[in-house]
Participant: 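Following this message is one structure expressed as structure tokens.
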2 protein chains.
Amino acid sequence: MLSIGQLSKQTGVKVTTIRYYEQQGLIAPPHRSDGNQRRYEPDTLKQLRFIKHARDLGISPDAIAQLIDLSTDTDKPCSAADEIARQHLKTIQDKIACLQRLEKELIRISSKCTGKRVGECYVIQSLSDHGLCFEEH
Amino acid sequence: MLSIGQLSKQTGVKVTTIRYYEQQGLIAPPHRSDGNQRRYEPDTLKQLRFIKHARDLGISPDAIAQLIDLSTDTDKPCSAADEIARQHLKTIQDKIACLQRLEKELIRISSKCTGKRVGECYVIQSLSDHGLCFEEH
DNA sequence: GTAATATCTATAGTCACTAGAGGTTGGGAA
DNA sequence: TTCCCAACCTCTAGTGACTATAGATATTAC
């Protein structure tokens, strides 16, 4: 049996966040000690690591709840789980592409700054005038 | 003189967001009509485009406020503005690097899915077991 | 003049947590 | 065994950057 603090240390998920996940239904309410403190089965470690890992990958709590639902019914086809992963992959790739465009523009902007006076500062000028951009965002 | 709706249409910033920016001090409170509706000078178009452009680049409202402060005093050296742009470039580049690692892992995860039963689903397995990862995140 | 649309303020909701107040419990040292 | 303090409890409010709603008033087109 683990206290919430031990669970927190061993998973890297903050105590308050663990309670939040319980409240949101991502993990089941655990047993309590005589003094009403949470006491977790070691299994919860695994569940919480699952959740943390998925969150680190940027998967939304909603999608994680779906995956948990799926994983409790081990006889269902896993194409739905795969679909969630693929969906997320697409989002990630879009994000990367977008950020790379921004990167390009920021490099352009800050490489042209002469560092003299704001009146002639390329950073502020180019942020004021969208037309200076090479591409849309 | 522009109404808030016209300003919104011409900049792509939502009406409610324009009022929010005013409340946050990003744009100055405009004159009002006899009936108390906001009436903007055409100049505000430029300011709001500046803000939108910077927000699209992911620059925080706080940083934008700093840039606006800078740009009102056109005799200051613009190195501070450049610093904000560079700082932001670094954040973007970190984000890109991180997302690319996630991308790699998601590709690995979802390419191994056999599509049979959840019990043997690689997506759920590998999300449960961080040890299957090739790299940390 | 009337009807439709736009605008006003003020308040509450969103997401995914995080922080704090004020009180109780658990476990090791004296 | 008693004490102490860190860890825990619940409940509420705060974060950031908006978004949405309600109910009232203004503007505009016909």
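We name chains A, B, ... by the order of the sequence lines, and we start the count at 1 in each one.
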Participant: Can you list the residues that meet the salt bridge (Lys or Arg N to Asp or Glu O under 4.0 Å) rule with Glu22(B), with sequence neighbours excluded?
Facilitator: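 Counting only residues at least two positions away or on another chain, Glu22(B) forms a salt bridge (Lys or Arg N to Asp or Glu O under 4.0 Å) with Arg38(B).
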Participant: Could you list where the contact with chain B starts and ends along DNA chain D, reading 5' to 3', using a 4.0 Å heavy-atom cut-off?
Facilitator: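 Reading along DNA chain D, I get dA17(D) to dT27(D).
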Participant: Do Leu26(B) and Tyr20(B) have side chains that get closer than 4.5 Å, going by heavy atoms?
Facilitator: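 No. Closest side-chain heavy atoms not under 4.5 Å.
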Participant: In this structure, how many angstroms lie between the P atom of dT7(C) and the CZ atom of Arg38(B), rounded?
Facilitator: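 Those two atoms, CZ and P, are 11 Å apart.
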Participant: Could you check whether any side-chain heavy atom of Gln37(A) comes within less than 4.5 Å of a side-chain heavy atom of Arg32(A), counting everything from C-beta outward?
Facilitator: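 The answer is no, as the side chains (C-beta and beyond) never meet within the 4.5 Å cut-off.
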Participant: For Thr11(A) and Leu45(A), indicate whether the former's side chain and the latter's backbone hold a donor-acceptor pair under 3.5 Å.
Facilitator: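 Flag not set: sc Thr11(A) to bb Leu45(A) has no pair under 3.5 Å.
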Participant: If we ignore hydrogens and angles and just use 3.5 Å, is the side chain of Gln10(A) paired with the main-chain N or O of Leu7(A) as donor and acceptor?
Facilitator: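 Pair absent, no side-chain N/O of Gln10(A) close to backbone of Leu7(A).
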Participant: Contact between Tyr21(B) and Arg55(B) at the side-chain level, heavy atoms closer than 4.5 Å - yes or no?
Facilitator: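 Heavy-atom side-chain distance check passes, below 4.5 Å.
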Participant: Could you check how far NZ of Lys52(A) sits from P of dA16(C), rounded to whole Å?
Facilitator: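 Result: 16 Å.
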Participant: May I ask you to test the Arg39(B)-Ile4(B) pair for a side-chain heavy-atom distance under 4.5 Å?
Facilitator: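 Counting from C-beta outward, Arg39(B) and Ile4(B) never come under 4.5 Å.
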Participant: Are the side chains of Leu48(A) and Tyr40(A) in contact, using a 4.5 Å heavy-atom criterion?
Facilitator: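 Not in contact.
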Participant: In residues 2-32 of chain B, which residues come under 4.0 Å of DNA chain D by heavy atom?
Facilitator: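 The answer is Lys14(B), Thr17(B), Tyr20(B), Tyr21(B).
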